[in-house]
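One structure below.
This chain uses plain numbering: 1 for the first residue, then up along the sequence. All heavy atoms count here, side chains included; hydrogens, waters and symmetry mates do not.
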Amino acid sequence: QVQLVESGGGLVQAGGSLRLSCAASGSIFSINAMGWYRQAPGKQRELVALINSGGRTNYADSAKGRFTISRDNAKNTVYLQMNSLKPEDTAVYYCNVGQILLPGGGMTVYWGQGTQVTVSS
């Protein structure tokens with residue numbers, strides 16, 4: 001089993017910054033992609049940022065220019081630096097990682113429990 005421990009959420013005023021961290025532990029064989037999703041009340045979960053094993057990144061349009069995703073492979077940790085936060089960024093943020101368990105096998109994905117980010121106006 002893989003466990004994801006998230007931290008860094010909290011309450012911040014508009015224009016402020018937060019840095020989210022997610023550390024993976026357990027039965028780790030080969031982590032591929034790592035990412036951050038968020039879900040606001042009454043909304044569907046959406047991708048915020050993704051980083052693959054080669055370091056290539058992908059961002060939601062709403063996050064471009066404000067958020068930065070990074071990873072520390074030695075620590076099996078992914079980060080999300082969030083700057084210039086807006087009230088519409090308020091949501092529960094979920095860490096996601098994927099790994100291949102068997103040679104030639106498919107991807108297995110894991111989710112964190114979520115960390116609350118609240119941005120006041």
Side-chain angles (χ1 to χ4, degrees):
Q1 182 182 358
V2 171
Q3 294 181 329
L4 306 179
V5 180
E6 301 170 333
S7 63
L11 175 64
V12 65
Q13 293 183 348
S17 299
L18 287 173
R19 191 190 192 202
L20 306 183
S21 299
C22 175
S25 62
S27 301
I28 299 173
F29 300 95
S30 181
I31 292 180
N32 196 287
M34 309 181 78
W36 289 94
Y37 293 71
R38 68 186 181 190
Q39 187 168 24
K43 304 291 185 179
Q44 293 185 341
R45 188 172 300 185
E46 64 176 352
L47 174 68
V48 178
L50 185 70
I51 184 168
N52 69 10
S53 60
R56 293 185 178 181
T57 58
N58 188 36
Y59 296 93
D61 288 341
S62 61
K64 291 179 180 177
R66 299 188 299 123
F67 295 1
T68 302
I69 188 170
S70 61
R71 63 191 289 172
D72 185 336
N73 292 331
K75 297 181 178 180
N76 293 318
T77 300
V78 62
Y79 307 92
L80 184 67
Q81 178 67 46
M82 303 186 293
N83 299 324
S84 302
L85 283 163
K86 304 174 181 179
E88 50 263 44
D89 294 318
T90 296
V92 177
Y93 284 69
Y94 296 91
C95 174
N96 172 271
V97 305
Q99 70 169 341
I100 299 173
L101 297 177
L102 298 172
M107 190 78 67
T108 300
V109 299
Y110 307 91
W111 292 92
Q113 292 296 315
T115 183
Q116 177 70 48
V117 171
T118 302
V119 184
S120 63
S121 59

Whether Asp61 and Lys64 form a salt bridge (side-chain N of Lys/Arg under 4.0 Å from carboxylate O of Asp/Glu) is what I want to check. yes
For a 4.5 angstrom cut-off between non-hydrogen side-chain atoms, does Arg38 reach Ser62? yes
Measure from the side-chain N and O atoms of Glu6 to the backbone N and O of Gly114, and report whether any donor-acceptor pair falls under 3.5 Å. yes
Ignoring hydrogens and angles, tell me if any N or O in the side chain of Arg71 forms a donor-acceptor pair with the backbone of Gly35 under 3.5 Å. no
Transitive ILVMFWY side-chain link Leu85 to Leu11, under 4.5 Å: no
Taking CD in Gln113 as the centre, count heavy atoms belonging to other residues, nucleotides or ligands within less than 6.0 Å. Is the count above 12? no
When you measure from the side chain of Tyr37 to the backbone of Trp111, do you find a donor-acceptor pair of N or O atoms at a distance under 3.5 Å? no
Apply the test side chain to side chain donor-acceptor pair (under 3.5 Å) to residues Arg56 and Asn58: give CA-CA distance (whole Å), side-chain angles for both, the deciding distance (0.1 Å), then the verdict. CA-CA 7 Å; Arg56 293 185 178 181; Asn58 188 36; over 6 Å; no
Quick one: does Thr108's side chain get under 4.5 Å of Tyr110's, heavy atoms only? yes
Looking only at heavy atoms, what is the nearest atom pair of Ala60 and Leu47, with distance? CB-O, 3.4 Å
Using the rule that Ile, Leu, Val, Met, Phe, Trp and Tyr join whenever any side-chain heavy atoms are under 4.5 Å apart, tell me whether Met82 and Val12 fall into a single cluster. yes
Shortest non-hydrogen contact from Met34 toward Asn76: CE-O, 4.0 Å
Counting N and O atoms only, with roles assigned by atom type, does the side chain of Ser27 sit under 3.5 Å from a partner on the main chain of Gln1, one being a donor and the other an acceptor? yes
Taking all non-hydrogen atoms of both residues, which atom of Ala40 and which atom of Ala91 are closest, and how far apart? N-CB, 3.8 Å
Considering only heavy atoms from C-beta outward, does the side chain of Phe29 approach that of Ile100 to under 4.5 Å? no
Which atom pair, heavy atoms only, marks the closest approach of Met107 to Gly98? SD-C, 3.4 Å
What about Tyr93 and Val5, same hydrophobic cluster or not, with Ile/Leu/Val/Met/Phe/Trp/Tyr joined at side-chain heavy-atom distances under 4.5 Å? no
Are Val117 and Leu4 connected in a single hydrophobic cluster, I mean Ile/Leu/Val/Met/Phe/Trp/Tyr linked by side-chain heavy atoms less than 4.5 Å apart? yes
Report yes or no: does Gln99 contribute a side-chain atom to a donor-acceptor pair with the main-chain N or O of Ser30 at less than 3.5 Å? yes
Hydrophobic cluster membership, Val119 vs Trp36, 4.5 Å side-chain cutoff: yes
Using a 4.5 Å cut-off on heavy atoms from C-beta on, say whether the side chain of Tyr94 contacts that of Asn96. no
Just how far is it from atom OG1 of Thr57 to atom CG of Leu50, taken to the nearest 0.5 Å? 8.5 Å
Can you list everything that forms a side chain to side chain donor-acceptor pair (under 3.5 Å) with Lys43? Sequence neighbours excluded, please. none
Can you tell me how far apart CG (Asp89) and CG (Leu18) are? Round to the nearest 0.5 Å. 9.5 Å
For the atom pair CG (Asn73) and CD1 (Ile31), what is the distance rounded to the nearest 0.5 Å? 8.0 Å
Over all atoms of both residues, closest heavy-atom pair of Pro87 and Ser121: CG-CB, 3.8 Å
Could you list all the disulfide (SG to SG under 2.5 Å) pairs where at least one residue sits in residues 60-121, not counting sequence neighbours? Cys22-Cys95
Would you say Asp72 and Tyr79 make side-chain contact, with heavy atoms under 4.5 Å? yes
